[in-house]
Amino acid sequence: MKKKDQIFAGIIFLIFIIILLRLWQLQILNTEKYKKLAEQNRIRIIKIPAPRGIIYDRNGIPLVENIPSFAALISPEYADKVDINLLSKILNIPPDELQNRLKTKIESIYMPIKIKDDLTFKEIAMLEARRSEIPGLIIQTELKRHYPFGPATAHLLGYLGKITEQQIKNNPQYQSLPSYFLVGQTGLEKLFDERLMGIPGEKIVEVDALGRELRLIKESPPVKGEDIYLTIDALLQEAAYKSFDTLTGAFVAIKPDTGELLALLSSPSFDPNKFVEGVTEAYWNELISNPKNPLLNRAVQGLYAPGSTFKIITALAGLEEGVITPDKVLVNCNGGISVGQWTFGCWKKEGHGPVNLRKALVESCDVYFYELGRILGIKKIHKYATLLGLGSSTGFNSDEKSGLVPDDEWKKKVKKSSWFLGDTFNTAIGQGFLKVTPLQMARVMAIVVNGGLKVTPYIIRGDEPRKENLNLNPKNLDIIKEALSGVVNEPSGTASGARSYIIKFGGKTGTVQVISKKLKEKVSYKNIEHHAWFIGFAPVENPEMAFSVIVEHGGSGGAVAAPVARNILEGYILKKRQLNVKN
Amino acid sequence: MLKIDRRLISYFDWITFAVVLFICILGILTIYSATRPPLDEGEQPPFYVKQLIWLAIAISTLIAFVTFDYIKLKNFWLIFYIIGILLLIIVLFTGKTAMGAKRWINFGFFSFQPSEIFKIIFIISISAFLEDKQSPLSIKDTLKTLLIFGVIPFLLIIKQPDLGTAVLLFIITFIMIIYKGLPVRLLILLLSLLIISIFFLWEILWEGLKEYQKNRLIAFIDPSIDPKGIGYNIMQSVITVGSGGLFGKGFLEGTQGPLKFLPERHTDFIFPIFAEEWGFIGCFMLLALYFTLFIRCWKVSIVAKDSFGKLLSIGFTSIFVLYFFINVGMTLGIMPVVGIPLPFMSYGGTTLVANFVGIALVINVRMRRFELFYP
């Protein structure tokens, strides 16, 4: 044999060795990896959303439901063969918009394309009648989230939306979900998403390279989400929504002895039903361009100076510290008080005359509280304000704002200037740097009427109430409570105009000066009215509810906020009687 | 009427024939498996039936091609070669376009691939041409061979475009020249010239490639660059082979083919289908069959009675080995993807018949290795 023949055979041999080594590498060393990849090719896991849990109010009224709805979809392989004109006629969608919808490929090329939600029965009938002319048509039944109370519960319940990338990043349990899944984006839908979501079903199918489903390998049905029972009273919530009407503001009501939230309303609101299948651009723009910011939940995130409602705390501090007695006339109000070159006025320019604590509260005399503030000093005021839960979140949920209770140290640190007596005056009557949320103020009211228990507001029925005894003197609380009844029920009270003949309630008005008088002259009058506060409790004997009302730029608390509170209470009671609902 | 000497029948290489037949039957089984529809999807052309018919035609052709003395072919090589070149030219003008390439001539009732016929003509012609030349070749003869058999067909076939076949025939020309005998100095000179010209002409060559050819080369270097696009075939092919494991998934149990994850699964990518179902052990057996075949063909070049027979058998052996290596190599991701079939296994009538002609001629040479003594 010649040498070149040997080389030739050698090359053939070498080629076979190379191929065998490569086969060894693929089929023996890495076979598990490739088996898995081959399976991933072939097996597709389709997640099926579980029906979400229902959210009920304290009386078992559903605040959100799942209602069946019908949607028209087109299989992607027919997307460019569809008779646009025919569909356009039946579904009443302009042809070019229909064309656009068919072009958007969601998730993957295998997913049917949704062209219309919420089909009417007439539309379904017409589609079915002409089905033979519409290849690739799928009419799909789905459960849609529906909020029967609409805007009334929007901030409370929140809304659903497709999972965002951020959410997938932050929540490991979302990682396995396809992006078309709807999850809670705000409110309770978000807070309790995991419980409400249930366990998605799974369909394991074999698919070919084109993504066509060939056969079902395994199927596990979805498990419905957990139902959630709230402490909220739907009727109160709705009464509040109706009473606010076009006003901007918030209403929070809690059960004083437990902290159960009875109502949590922010106005203006939005329609959460419009968010269910992805909000339209037009509606979203409308919401975000609205200067009143309907997406802000004012009940827990709105920060306001408490105004005269804060006098409750100053008064309580005075009593607890023993620097005043209820009957002691502290000042003779002649409409103001002078400190050095500054004059601090009372809201009532002609003055209140001799004022004791009760009168100071009922008629909201500023001069009395200036004097009391001066006697107490900012440290004591700060102590009681924080004791009653201002300046920190109530522990209700994480979206809550904590607000601010100023003192000299804070001012030095943040404002880089020293504390003046004038600052104490302002703080004593609830103006100046103070910032509170309506939820915080509702709880302050609760503490006053429940005998000094600092309750943590909560919303899930059956949760253990959390109470902290502040060790306040019940007598002092009773004195304040009695005076607050006078605010509404006595002719001289600042809220006497809001007195109700259906339910006897008490409370404290507040009017927050929003901007200086100088500026007020420049800007149009309308937008810069004072914020109107009313925090109260009802009924006066044995209170079942403590609440706060704020109306932004509403005017005075007595003239605006207290009547809103009255309307809410009356509307609620009348509705309850009408429906004969027990508490 | 041709008469065959009985002794010739006894010299007929039954083993080679049986090995080829066995590979063909494995091929038909694999074609059946690869094209079986996973669901009733209507008309699936029964490729395996067509291939069976082609196999019958191929066997008849084989019988026809062993009946006459191969030496007679030598006298007609120029006519063959001219016809072959003409076919390549005709296909450029009248060829049926499939997947962007003009490779077929359509005769209405059937279409065939001239480049497959040309392969046969090419080996016969180059063998005949080189036989008369002195060994080692002179520079003049070398250049002549390179021009007539290397450059001209290369340019015509690359026009189709069929880069794979073109390059292959060029390589075969080289092998034949080296086999015939080339002074070492000339060999080194030629190789360095080739390397230098590739080095300098790289830009032009690269620009001259079609987009898909470039993509194939890029994908070969890194299939993960675009797993859904250019690298898809390679990735899926490697997955298919790898998922077979040691014992394979079993005949008709493979998923990658019938679910259509692997493209060209009954033609160029038939090997992965086999590998998925029969595993490493099956592949080893198949490789053993091919190895047996190639070594037997190679042996013919040693025992052939004349230089023409030697060149003929070494030419066909080279072509089989190269087709085999490049095809299997590309399905394993160790060779760039070029559209060439796996001999005797891939679906395709012209190729099968052409390969059988090749085997027939090798057997022919072997049968007549002693004939010199029986003039």
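Order of the sequence lines fixes the chain letters, A, B, ..., with proteins taken first and strands second; residue numbering starts at 1 for each chain. Only a predicted model underlies this, so the values are computations on that prediction, with no experimental measurement involved. Quick note: numbers below take in every heavy atom, side chains included, and nothing from hydrogens, waters or symmetry partners.
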Are there over 12 heavy-atom neighbours, none belonging to A/Lys190, within less than 6.0 Å of that residue's NZ? no

Indicate yes or no: at least one non-hydrogen side-chain atom of A/Leu23 is less than 4.5 angstrom from one of B/Phe284. no

What part of A/Ile19 is in contact with chain B, defined as an atom under 4.5 angstrom from a non-hydrogen atom: side chain, backbone, both or neither? both

Do the side chains of A/Arg22 and B/Val238 get nearer than 4.5 Å, heavy atoms only? yes

For the interface with chain A, which of B/Gly279, B/Gly248, B/Gly244 has the highest count of heavy-atom pairs at distances below 4.5 Å? B/Gly279

Check the surroundings of atom NZ in A/Lys4: do more than 12 heavy atoms from other residues, nucleotides or ligands lie under 6.0 Å from it? yes

Value for CD1 (A/Ile15) from OH (B/Tyr290), rounded to nearest 0.5 Å, stands at 13.5 Å

Without swapping roles, check the side chain of B/Trp298 against the backbone of A/Asp5 for a donor-acceptor pair under 3.5 Å. yes

Atom pair CD1/CG of B/Ile239 and A/Asn30 - distance to nearest 0.5 Å: 12.0 Å

Separation of A/Leu37 CG from B/Gln256 CD (nearest 0.5 Å): 9.0 Å

Only one of B/Thr317, B/Ile178, B/Ile302 forms a side-chain contact (heavy atoms from CB on, under 4.5 Å) with A/Phe8, so which one is it? B/Thr317

Contacting moiety of B/Lys299, where chain A heavy atoms sit under 4.5 Å: neither

B/Phe251 CZ: over 12 foreign heavy atoms closer than 6.0 Å: yes

In Å, rounded to the nearest 0.5 Å, how long is the span from OG1 of B/Thr255 to CD1 of A/Ile43? 8.0 Å

Heavy-atom side-chain proximity of B/Phe280 to A/Leu20 below 4.5 angstrom: yes

Within 6.0 Å of CZ in B/Phe22, more than 12 heavy atoms from elsewhere: no

Which atoms of B/Ser318 come close to chain A, meaning under 4.5 Å heavy atom to heavy atom: side chain ones, backbone ones, both, or neither? both

At a heavy-atom separation under 4.5 Å, does B/Val328 approach chain A through its side chain, its backbone, both, or neither? side chain

Beyond-backbone contact of A/Thr31 with B/Leu246, side-chain heavy atoms, under 4.5 angstrom: no

Using modelled atom types and a 3.5 Å cut-off, is there a donor and acceptor pairing between side-chain atoms of A/Gln27 and backbone atoms of B/Ala275? yes

Are A/Ile11 and B/Val321 packed together at the side-chain level, in the sense that at least one heavy-atom pair is separated by less than 4.5 angstrom? no

Is B/Ile314 in contact with chain A via its backbone, its side chain, both, or neither, using a 4.5 Å heavy-atom distance? both

Surrounding CD of A/Glu128 (heavy atoms of other residues, nucleotides or ligands, distance under 6.0 Å), is the total greater than 12? yes

With a 4.5 Å limit on heavy-atom distance, are the side chains of A/Asn41 and B/Gln236 in contact? yes

Does B/Leu252 have more than 12 heavy atoms from other residues, nucleotides or ligands lying within 6.0 Å of its CG? yes

Centroid-to-centroid, A/Phe16 to B/Phe324, below 6.0 Å? yes

B/Phe247 portion near chain A, given a 4.5 angstrom heavy-atom threshold: neither

